[in-house]
Structures are given as C-alpha cells and as structure tokens.
Amino acid sequence: MKKRILIIGAAGQIGTELTMYLRGIYGNHKVIASDITEASEEIIKTGPFEILDAMDYDAIQDVVINYEITDVYLMAAMLSATAEKFPMKAWNLNMNSLFNILNLARDGKIDRIFWPSSIAVFGPTTTKENTPQHSIMEPSTVYGISKQTGERWCEYYHNKYGVDVRSVRYPGLISYKTQPGGGTTDYAVDIYHKALKHKKYICFLNEENTLPMMFMDDAIRATVNIMLAAPEDVKIRNAYNLAAMSFNPKQITESIQKHIPDFKIKYELDFRQDIADSWPQSIDDSLARKDWGWEPEIDLDEMTKIMIENLKGAY
Ligand code: NAD
C-alpha cells in the first residue's frame, strides 16, 4: 500500500529519531517532517520539512492534501514537568492537536494515526508494581489528565467513526541523539551527559524512585510495529501498556560507575519528585506482546554502554 507519512512534532526528542527511521523504511520523500520550530539539519536536508502548528486545523489539512498523506504521527505535546507550569496551555495543545488529527481521520482525509500516550495516565491510586493494562486511572498531573482524556477520545473515535488510531503508553525515554523535552524522567538522559562532563550529577528524584524506562530504539520499534500491525491485531484502541526496564537513580548510577568509577550522584529533590511519586514503578505489557508481538531488546547496562559510547566524543 502506498504510504505517505506526516510527522507533527518532528523536531522533538522522539520525532527526530522517528523521522529518520521512517525515512529509512519508506523513502525520504514519503516522510514529511513538521514542527512549529526548525528541525535538525539532518531532517531538513534528507527530506521535506514544513513549519506547521498542530493547533491549526486548516494548515494541517493543506499539508495532508498537498502531500497526499495517509498516516499521521502526532508527536507534538507539552510534557509532564512543563505542563505543571502552564496547565491551560498544556491542555489546549495536548487536546486540540489530537482533535485536529482525529477529525481529519473521521472525515476520511487520512487513514491511520499514531498518537502517544504515557505512563502518566496512571495515578497515586494505581497498583505500582506490574501495573496492569486495565487499572485504576486517577492521574494527578495536568499532563496525565490530558493523556488519559486523549485515550478515551481515541477509543471513542475508533468505536464511533471507525478511526484507525493506535497508541502506546510510553515510559520515560532515553536517547543520545536528542535532548528530552521537559518530562519527569529527563534525569535519566541528563545523568549521562553530566557523568561524562563533570563526573557528578545532582538528581531531582530520590535514589529509590523506581520508574519504567525505555531506550529510544525500542520505543521507535514499538511505534513503527504497532503502526504496521494488521488492524484486527490492534485490539486496544485507547493505548497499550509498554515496558522495557525499570530502574531508580541509584541503579543507573551503579550502571554508569561500571564505565566511570569515580562518578558521584547527589540528591536535591524538586516538584518533579511529586509527579514521579504518582507514577507506577513497573508495567505489565503482556497484551502488547500478545496482540502485535512487542518485545523489548535493550536493558539498563546495554543502554548505559550505548549512551556512553555515543556521548563520550562530545565531552
Ligand atoms: P518533545 O517536547 O521533545 O517534542 C515535542 C515537539 O512538539 C517539539 O519539537 C515541539 O517544538 C513540538 N511542538 C510543540 N508545540 C507544537 C505545535 N503547536 N505545533 C507543532 N509542533 C509543536 O517531546 P517528545 O519527548 O518527543 O514527546 C513526543 C510525544 O511522546 C508527546 O506526546 C509526549 O507526551 C509523548 N511521550 C514522551 C515521553 C518521553 O519520555 N519523551 C514519554 C511518554 C510520552
């Protein structure tokens, strides 16, 4: 089938890597990157790039028609830590961008949507260990509320209008190619940079704060694989639980110390600790494994090796 893909939010942490990965699969000119801000040189040089506001329905529709887009990956959002500072802005962006894309699909202008949810849909009353797919969901953050609401609308549009929307609940994502965009798990990227640069890191979460995490390559594979799955195999139309590993700041420190023995961590907690306290520690992703064959590949020590190998040249 002829696919032409639009990525909205292609300059972000995930969008940057997703764009290059999809261009590798479908061909550079079949994957249109867009963002409200300039993307990396690599993205602009290798294929089409458009400045596009995810809030502007007419502008998105123009791009969809001009490039004969079939699939949209909506990656634009305001993340957890930033959303606590700008609640209404976060709500407007996270919800209206989703409605724009769901409505395009409802009206038959695109065939398939990927929209990411997050472990932030869970809240303090959710079982923290091996959190099931179907669980109590009482998110206590602006971001979590927007993601949970988004999930409900995705399922509604699928059931009511037959919209082919697919989603996963990403855990915290770690990459060396791009910086994170204002989330609560950002520490797990920053710690590698600071370990290489200063051999010390001041962490805003406490040492025992275990959270579900994933290396970016696994997240990109999950994203592309759920989009490639046969429609009948995608049985959950709100969002699939997805997992790879769980660790706390103490454990990532020990993993880094295997490469940088004199690396030291100190703790100075801030408001992000409250957000982290409300999230699960580990996730049961058995339905993603069963329905569309999800399988993570990279664990903490393997990730540390990759991060350090790829970042050490920069410092
Ligand atoms: P990011 O902040 O790095 O990137 C988001 C991009 O969206 C940025 O490039 C930004 O310029 C763009 N953007 C913001 N407002 C826009 C607008 N009005 N129009 C067009 N573009 C706009 O975020 P990310 O980490 O790449 O996350 C992508 C998606 O994945 C988000 O929905 C996020 O909630 C979700 N997610 C991310 C993580 C993670 O750890 N990174 C975890 C769970 C879920």
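Aromatic ring centres of Tyr240 and Trp292 lie closer together than 6.0 Å. A centroid separation of 6.0 Å or more is found between the aromatic rings of Phe122 and Trp279. For Tyr201 and His193, the gap between ring centers reaches or exceeds 6.0 Å.
Residues Thr37 and Asp35 bring no donor and acceptor atom of their side chains to less than 3.5 Å of each other. Of the N and O atoms on the side chains of Ser246 and Ser282, not one donor lies less than 3.5 Å from an acceptor on the other residue.
For the pair Arg166 and Phe114, the NZ or CZ position fails the cation-pi test of under 6.0 Å to the six-membered ring centre and within 45 degrees of the ring normal.
One finds a salt bridge joining Arg152 and Glu155 here, because a Lys/Arg side-chain nitrogen approaches an Asp/Glu carboxylate oxygen to under 4.0 Å. In this structure, Arg221 pairs ionically with Glu297, as a charged nitrogen and a carboxylate oxygen lie closer than 4.0 Å. A salt bridge is absent between Arg272 and Glu84; no separation between the charged side-chain nitrogens and carboxylate oxygens falls under 4.0 Å. Salt bridge status for Arg4 with Asp71: absent, with no side-chain N to carboxylate O gap under 4.0 Å. In summary, Arg289 and Asp285 engage in a salt bridge, as defined by a charged side-chain N under 4.0 Å from a carboxylate O.
Enclosure of atom NZ in Lys89 is not indicated, since only 12 or fewer non-hydrogen atoms of other residues, nucleotides or ligands lie within 6.0 angstrom. The 12-atom threshold is not exceeded at CD of Glu268, counting heavy atoms of other residues, nucleotides or ligands nearer than 6.0 Å.
In the hydrophobic clustering of ILVMFWY residues, with side-chain heavy atoms under 4.5 Å counting as a link, Leu104 and Met75 come out apart.
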